[in-house]
Visitor: 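The structure follows.
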Amino acid sequence: MEWLACIRKSIDFMEQHLTDDITAEDVAREVASSSFFLQRGFSLMTGYTIGEYIRNRRLYLASRDLAESGDKIIDIAFRYCYETPESFAKAFSRFHGVSPSQVRGGAKGKSFLPLTITISVQGGAFMDYKIAQKFGFRVIGFQKIFSADTAYDEIPKFWDEVREKYASSVCAGNEPQNPYEKAVAENCIGEYGICIDDLDSGRFRYLIAGKYAGGDVPDGMVVYDFPQGDWAVFDCIGAIPESLQSMNTRIFKEWLPGNPDYELCGNSNVEWYDSTGKTSDPDYRSAIWIPVRRKSKE
């Protein structure tokens, strides 16, 4: 499905099911998209996660029901998928700044209307990228599972943990002292940061990885196989994470809506880091790879 149509259909589906217990995975299935890509793209394009959008819309509609109907607060709480009146009151007060009983008494709640998505494509297909066909390849690395809602804050901590435990000695030029340091050195672990969307409940796997050179796989490390396929490769110049974050935003807000030839496919994306430079340098080199396929010309 064309990317802009995918986002619009996602919003339509959420609007039709605000009183149902839906998740981001339900939305992704409805639009036949990877949950990871949909959640990342939706957040970059709208400023809200899918979970935040659903929650904010429910709380807005709940405030209208409180002001315009005589329904019991507990019934309104259950209608918008809150398990207890207490959890509803807490979320309601945090969002609106007033309590449900205050809105019932005439106080005004916060407005949150359905989103309308329009795109002004400024870069689109003219962004600097290349399509590379890659044969199947294998990576090895350290893996951790993250929630889509907290990943931006938690993944940097994972990198710090891996560097401190396994990579700092190797990077300093010392001989590897254990199987993990040996794997880091032999496979250039840290060259890739990889997101793999093959879980559920808004979670995905993240690997700090390198190209697998063969040999033993230490306990606690994983090997992942990428199939052959086409990748859109976007080169980034500048200190990270700012340059990568800026490029990610442009991919989802400009390149995907404006590109007539390619669309997303697969369930993973890769960030590449130049091991020879300093990540804080203004000319530091990195790249984003996303799996794509050519659009059918029907």
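We number each residue from 1, following the sequence as shown. All values reported here derive from a predicted model rather than from experimental measurement.
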Visitor: Classify the ring geometry between Tyr53 and Phe42 as parallel (under 30°), tilted (30 to 60°) or perpendicular (over 60°).
Guide: perpendicular
Visitor: If you group Ile, Leu, Val, Met, Phe, Trp and Tyr by side-chain heavy-atom gaps below 4.5 Å, do Val223 and Ile194 land in one group?
Guide: no
Visitor: Quick one: CG on Leu44 to CZ on Arg250, what's the gap to the nearest 0.5 Å?
Guide: 13.5 Å
Visitor: Can you check whether Tyr60's main-chain N or O pairs, donor with acceptor, with Ser63's side chain at less than 3.5 Å?
Guide: yes
Visitor: Ignoring hydrogens and geometry, is there a side-chain-to-backbone donor-acceptor pair from His96 to Phe92 under 3.5 Å?
Guide: no
Visitor: With a 4.5 Å cut-off on side-chain heavy-atom distances among I, L, V, M, F, W and Y, is there a chain of contacts connecting Leu199 to Val139?
Guide: no
Visitor: Is the gap between the ring centers of Tyr206 and Phe204 under 6.0 Å?
Guide: no
Visitor: Is the backbone of Cys6 close enough, under 3.5 Å, to the side chain of Ser10 for a donor and an acceptor to pair up by distance?
Guide: yes
Visitor: As an exercise, state the distance from CD1 of Ile74 to CD of Glu86, rounded to the nearest 0.5 Å.
Guide: 8.0 Å
Visitor: Tell me, with the steps shown, if Phe112 and Tyr48 meet ring-ring contact (aromatic ring centres under 6.0 Å, His included).
Guide: CA-CA 12 Å; Phe112 192 87; Tyr48 302 99; 5.1 Å; yes
Visitor: Compute the centroid of each ring, for Tyr166 and then for Tyr180, and state whether the two points are separated by less than 6.0 Å.
Guide: yes
Visitor: Under the criterion side chain to side chain contact (heavy atoms under 4.5 Å, CB included), I'd like the reasoning laid out for Phe95 against Asn56: C-alpha separation, chi angles, the key distance, then a yes or no.
Guide: CA-CA 8 Å; Phe95 178 73; Asn56 292 352; 3.5 Å; yes
Visitor: Applying the ring-ring contact (aromatic ring centres under 6.0 Å, His included) test to Trp289, which of Tyr192, Trp272, Phe234 qualifies?
Guide: Tyr192
Visitor: Considering all heavy atoms of both residues, which atom of Asp197 and which atom of Phe36 are nearest to each other, and what is their separation?
Guide: OD2-N, 2.9 Å
Visitor: Please check: side-chain N/O of Asp261 versus main-chain N/O of Arg294, any donor-acceptor pairing under 3.5 Å?
Guide: no
Visitor: Met221 and Ile189: side chain to side chain contact (heavy atoms under 4.5 Å, CB included), yes or no, with the steps?
Guide: CA-CA 11 Å; Met221 300 184 73; Ile189 290 175; 3.2 Å; yes
Visitor: If the threshold is 4.0 Å, N to carboxylate O, is there a salt bridge linking Lys9 and Asp12?
Guide: no
Visitor: Measure the spacing between SG of Cys81 and CG of Asp20 and express it to the nearest 0.5 Å.
Guide: 6.5 Å
Visitor: Give the minimum heavy-atom separation between Gly190 and Ile208, together with the two atoms involved.
Guide: CA-CG2, 4.1 Å
Visitor: Would a line drawn from the ring center of Trp231 to the ring center of Phe226 be shorter than 6.0 Å?
Guide: yes
Visitor: CD of Glu83: more than 12 outside heavy atoms within 6.0 angstrom?
Guide: no
Visitor: Please report the closest heavy-atom contact between Gly47 and Glu52, naming both atoms and the distance.
Guide: O-OE1, 4.3 Å
Visitor: Does Asp230 offer a backbone N or O that forms a donor-acceptor pair with the side chain of Arg293 under 3.5 Å?
Guide: no
Visitor: In terms of the angle between their ring planes, are Phe37 and Phe252 parallel, tilted or perpendicular, with boundaries placed at 30° and 60°?
Guide: tilted
Visitor: Take Phe13 and Val31 through the side chain to side chain contact (heavy atoms under 4.5 Å, CB included) test and state the conclusion after the steps.
Guide: CA-CA 9 Å; Phe13 178 77; Val31 299; 5.8 Å; no
Visitor: Just to verify, which of Arg58, Lys72, Arg79 counts as forming a salt bridge (charged side-chain N to carboxylate O under 4.0 Å, His left out) with Asp65?
Guide: Arg79
Visitor: So, taking the atom named OG1 in Thr279 and the one named CD in Glu242, what distance separates them when rounded to the nearest 0.5 Å?
Guide: 9.5 Å
Visitor: Check this for me, if you would: do Glu15 and Arg57 make a salt bridge, where the nitrogen-to-carboxylate-oxygen distance has to be below 4.0 angstrom?
Guide: yes
Visitor: Where is the tightest heavy-atom contact between Pro291 and Ser268, given as atom of each residue plus distance?
Guide: CD-O, 2.8 Å
Visitor: If you group Ile, Leu, Val, Met, Phe, Trp and Tyr by side-chain heavy-atom gaps below 4.5 Å, do Trp159 and Ile288 land in one group?
Guide: yes
Visitor: Under 6.0 Å from the CG atom of Asp283, do we count more than 12 heavy atoms belonging to anything else shown?
Guide: yes
Visitor: Going from OH on Tyr262 to CD1 on Ile131, what distance comes out if it is rounded to the nearest 0.5 angstrom?
Guide: 4.5 Å
Visitor: Quick one: closest heavy-atom pair of Val217 and Val222, and the distance?
Guide: CG1-N, 4.4 Å
Visitor: Counting C-beta onward and ignoring hydrogens, is there a side-chain heavy-atom pair between Lys144 and Glu154 closer than 4.5 Å?
Guide: no
Visitor: If Ile, Leu, Val, Met, Phe, Trp and Tyr residues are connected whenever their side-chain heavy atoms lie under 4.5 Å apart, and connections chain through other members, are Phe142 and Phe146 in the same group?
Guide: yes
Visitor: Judged by atom type as modelled, is there a donor-acceptor pair below 3.5 Å linking the side chain of Asp274 to the main-chain atoms of Thr276?
Guide: yes
Visitor: Do the side chains of Asp160 and Lys157 get close enough for a salt bridge, i.e. N-O under 4.0 angstrom?
Guide: no
Visitor: Is a side-chain donor or acceptor of Asn259 paired with a backbone partner of Leu256 at a separation under 3.5 angstrom?
Guide: no
Visitor: Is there side-chain contact between Ile237 and Arg285, with heavy atoms separated by less than 4.5 Å?
Guide: yes
Visitor: Is there a donor-acceptor contact under 3.5 Å linking the side chains of Glu25 and Ser35?
Guide: yes
Visitor: Could you state whether Trp255 and Val233 fall into the same hydrophobic cluster, counting links through intermediate Ile, Leu, Val, Met, Phe, Trp or Tyr residues with side-chain heavy atoms under 4.5 angstrom apart?
Guide: no
Visitor: Can you find a heavy atom in the side chain of Glu2 that is under 4.5 Å from one in the side chain of Pro260?
Guide: no
Visitor: Given Leu4 and Met45, is the side chain to side chain contact (heavy atoms under 4.5 Å, CB included) satisfied, shown in steps?
Guide: CA-CA 10 Å; Leu4 198 52; Met45 292 181 74; 4.0 Å; yes
Visitor: At what distance, to the nearest 0.5 angstrom, does CG of Asp235 lie from OG of Ser286?
Guide: 8.5 Å
Visitor: Measure the shortest side-chain to side-chain distance between Arg40 and Asn269 over non-hydrogen atoms and say whether it is less than 4.5 angstrom.
Guide: yes
Visitor: If you take all heavy atoms of Pro100 and Phe88, which pair is closest and at what distance?
Guide: CG-CE2, 3.9 Å
Visitor: Check whether any side-chain N or O of Ser93 sits under 3.5 Å from a backbone N or O of Ala89 as a donor-acceptor pair, and report yes or no.
Guide: yes
